[in-house]
> 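What follows is a single structure, and I will ask about it in a moment.
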Amino acid sequence: YFCGNLLGIEEKLEYIKSLGVNIIYLNPIFEAASNHRYDTSDYMKIDPLLGTASDFKDLCKAAHALNMRVVLDGVFSHTGSDSVYFNKYGSYGENTGAARQWESPYSKWYQWNEDGTYNSWWGCSNLPNVNETEPTYLDYILRSNDAIIKKWLRCGASGWRLDVADELPDEFIKI
């Protein structure tokens, strides 16, 4: 793990362009508990190890100036169990998140079993599955004016790669 960051990419843009590259695809960049970041903790925040939202905007602006584009990795079939949305471990307060408060606005996002357990991506308990067709989830990720997809496109991203797109419902992808 070499801990590269957004500023480092921006510093190397001229070199990357000289290689014939015109699209930079970034693995997940949002705050997460792991360094691979497929266990998103907060879609609204860039992982501090990578930089800030301002760093991301600057990278996209510099890439566009070189006729290059930045594509983000959208991990929307699950979140991290240690997230503002699920909060299994109480990292975001004792009374927030679907795992700690049934009345949480995020509870409907997850797939709960009758015994109170939850479904997780490929059985990995740190990756609780979301119900991608839940209207409040669709609004948060895709449909509202300040939806996650739209927020990061406004910040300069040129597009999205959808992680495990074959596992996402058609309704989600069509939006």
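The structure presented is a predicted model; accordingly, all values stated were derived computationally and were not measured.
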> Within the side chain of Arg154, is there an N or O that forms a donor-acceptor pair under 3.5 Å with the backbone of Ile149?
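Checking the backbone N and O of Ile149 against the side chain of Arg154, no donor-acceptor pair under 3.5 Å is found.
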> Is it true that a side-chain atom of Arg69 and a backbone atom of Ala157 form a donor plus acceptor pair closer than 3.5 Å?
no
> Check whether the side chains of Ser34 and Asp39 place a donor and an acceptor atom closer than 3.5 Å, and report yes or no.
yes
> Are side-chain N/O atoms of Asn131 and Tyr137 paired as donor and acceptor at under 3.5 Å?
no
> Which heavy atom in Pro128 sits nearest to a heavy atom in Gly80, and how many Å separate them?
CD-C, 3.7 Å
> Parallel, tilted or perpendicular for Trp109 and Tyr140, by the 30°/60° rule?
tilted
> Run the salt-bridge test on Arg37 and Asp47 with the 4.0 Å N-O cut-off and return the result as yes or no.
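Result for this pair is yes, salt bridge flagged.
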> Would you kindly confirm whether Met44 and Leu142 end up in one hydrophobic cluster when ILVMFWY residues are joined by side chain heavy atoms under 4.5 Å apart?
yes
> Heavy atoms, side chains only, cut-off 4.5 Å: are Arg143 and Ile175 in contact?
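Touching, per the 4.5 Å side-chain cut-off.
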> Taking atom SG of Cys60 and atom CE of Met68, what is their separation to the nearest 0.5 Å?
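Interatomic distance, Cys60 SG to Met68 CE, rounded to 0.5 Å: 11.0 Å.
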> Check step by step if side chain to side chain contact (heavy atoms under 4.5 Å, CB included) holds for Ser125 and Tyr118.
CA-CA 8 Å; Ser125 64; Tyr118 56 92; 3.8 Å; yes
> Run the side-chain hydrogen bond (donor to acceptor under 3.5 Å, both in side chains) check on Asp139 and Ser144 step by step: do they pass?
CA-CA 5 Å; Asp139 290 344; Ser144 72; over 6 Å; no
> Assess whether atom CG of Asn145 is packed by more than 12 heavy atoms of other residues, nucleotides or ligands within 6.0 Å.
no
> Can you confirm whether Lys88 is buried at NZ, in the sense that more than 12 heavy atoms of other residues, nucleotides or ligands lie under 6.0 Å from that atom?
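Result for NZ/Lys88: enclosed.
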> Strictly distance-based, threshold 3.5 Å: is any side-chain N or O of Asp115 a donor or acceptor partner for the main-chain N or O of Thr117?
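Yes, Asp115 side chain to Thr117 backbone: donor-acceptor pair under 3.5 Å.
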> Ignoring hydrogens, what is the shortest heavy-atom contact between Lys17 and Asn67? Give both atom names and the distance.
NZ-O, 3.8 Å
> Treating Ile, Leu, Val, Met, Phe, Trp and Tyr as nodes and any side-chain heavy-atom pair under 4.5 angstrom as an edge, say whether Val164 and Leu127 lie in one connected cluster.
yes
> Is the closest side-chain donor-acceptor distance between His78 and Thr40 under 3.5 Å?
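Side chains of His78 and Thr40: no pair found under 3.5 Å.
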> Could you tell me whether Lys12 atom NZ has more than 12 heavy atoms of other residues or ligands within 6.0 Å of it?
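12 or below, so no.
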> Which distance, rounded to the nearest 0.5 Å, do you find between the CG of Asn35 and the CG of Leu50?
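Asn35 CG to Leu50 CG: 10.0 Å, rounded to 0.5 Å.
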> Using distance alone, with no hydrogens and no angle criterion, decide if Tyr110 and Asn119 have a side-chain donor and acceptor under 3.5 Å apart.
no
> Indicate the atoms forming the closest heavy-atom contact of Ala62 with Leu13, along with that distance.
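Shortest heavy-atom contact: CB-CD1, 3.6 Å.
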> Walk me through it: do Lys45 and Phe30 pass the test side chain to side chain contact (heavy atoms under 4.5 Å, CB included)?
CA-CA 6 Å; Lys45 296 179 182 175; Phe30 305 113; over 6 Å; no
> So, Ser91 and Asp82: side-chain donor and acceptor under 3.5 Å apart, yes or no?
yes
> Would you check, one step at a time, whether the test side chain to side chain contact (heavy atoms under 4.5 Å, CB included) holds for Ile24 with Val71?
CA-CA 6 Å; Ile24 297 172; Val71 174; over 6 Å; no
> Would you please name every residue forming a ring pair (Phe, Tyr, Trp, His ring centres under 6.0 Å) with Phe76, sequence neighbours left out?
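So Phe76 forms a ring pair (Phe, Tyr, Trp, His ring centres under 6.0 Å) with Tyr43, Trp160.
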> Do any N or O atoms from the side chain of Glu134 and from the backbone of Thr136 form a donor-acceptor pair under 3.5 angstrom?
yes
> Which is it for Tyr38 and Asp163 under the side-chain hydrogen bond (donor to acceptor under 3.5 Å, both in side chains) test, yes or no, and what are the steps along the way?
CA-CA 9 Å; Tyr38 283 90; Asp163 184 53; 4.8 Å; no
> Would you say Ser158 and Val70 make side-chain contact, with heavy atoms under 4.5 Å?
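Sidechains of Val70 and Ser158: no contact.
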> Quick one: does any side-chain atom of Asn5 pair with a main-chain N or O of Gly8 as donor and acceptor, under 3.5 Å?
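Yes: the side chain of Asn5 pairs with the backbone of Gly8.
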> Is it true that a side-chain atom of Tyr89 and a backbone atom of Ser81 form a donor plus acceptor pair closer than 3.5 Å?
no
> Nearest 0.5 angstrom please: Thr79 OG1 to Asn87 CG, how far?
10.5 Å
> How many angstroms lie between atom CD of Glu11 and atom CD1 of Ile9, to the nearest 0.5 angstrom?
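Reported value, rounded in 0.5 Å steps: 10.5 Å.
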> Once rounded to the nearest 0.5 Å, what's the spacing between atom CD of Gln101 and atom OG of Ser107?
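Answer for the CD-OG pair, Gln101 versus Ser107, is 7.5 Å.
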> Can you get from Ile173 to Trp152 by hopping between Ile, Leu, Val, Met, Phe, Trp and Tyr side chains that sit under 4.5 Å apart?
yes
> Does one side chain, of Ser120 or Asn129, offer a donor that lies under 3.5 Å from an acceptor on the other?
no
> Classify the ring geometry between Trp112 and Phe86 as parallel (under 30°), tilted (30 to 60°) or perpendicular (over 60°).
parallel
> Looking at every non-hydrogen atom in both residues, tell me the closest pair between Thr133 and Glu171 and how far apart they are.
CG2-OE1, 3.6 Å
> Do Ile148 and Leu6 belong together in a cluster built from hydrophobic side chains that touch within less than 4.5 Å?
yes
> Looking at every heavy atom in both Tyr92 and Ser41, which two are closest together, and how far apart are they?
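The pair with the smallest heavy-atom distance is OH-CB, 3.3 Å.
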> Taking atom SG of Cys155 and atom NZ of Lys57, what is their separation to the nearest 0.5 Å?
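The NZ atom of Lys57 is 4.5 Å from SG of Cys155, to the nearest 0.5 Å.
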> Please step through side chain to side chain contact (heavy atoms under 4.5 Å, CB included) for the pair Asp55 and Ile46, ending with a clear verdict.
CA-CA 9 Å; Asp55 295 335; Ile46 302 288; over 6 Å; no
> Would you say Val75 and Trp121 are hydrophobically clustered, going by side-chain heavy atoms of ILVMFWY under 4.5 Å?
no
> Taking Asp170 first and then Lys174, would you say they form a salt bridge - that is, a charged N and a carboxylate O separated by under 4.0 Å?
no
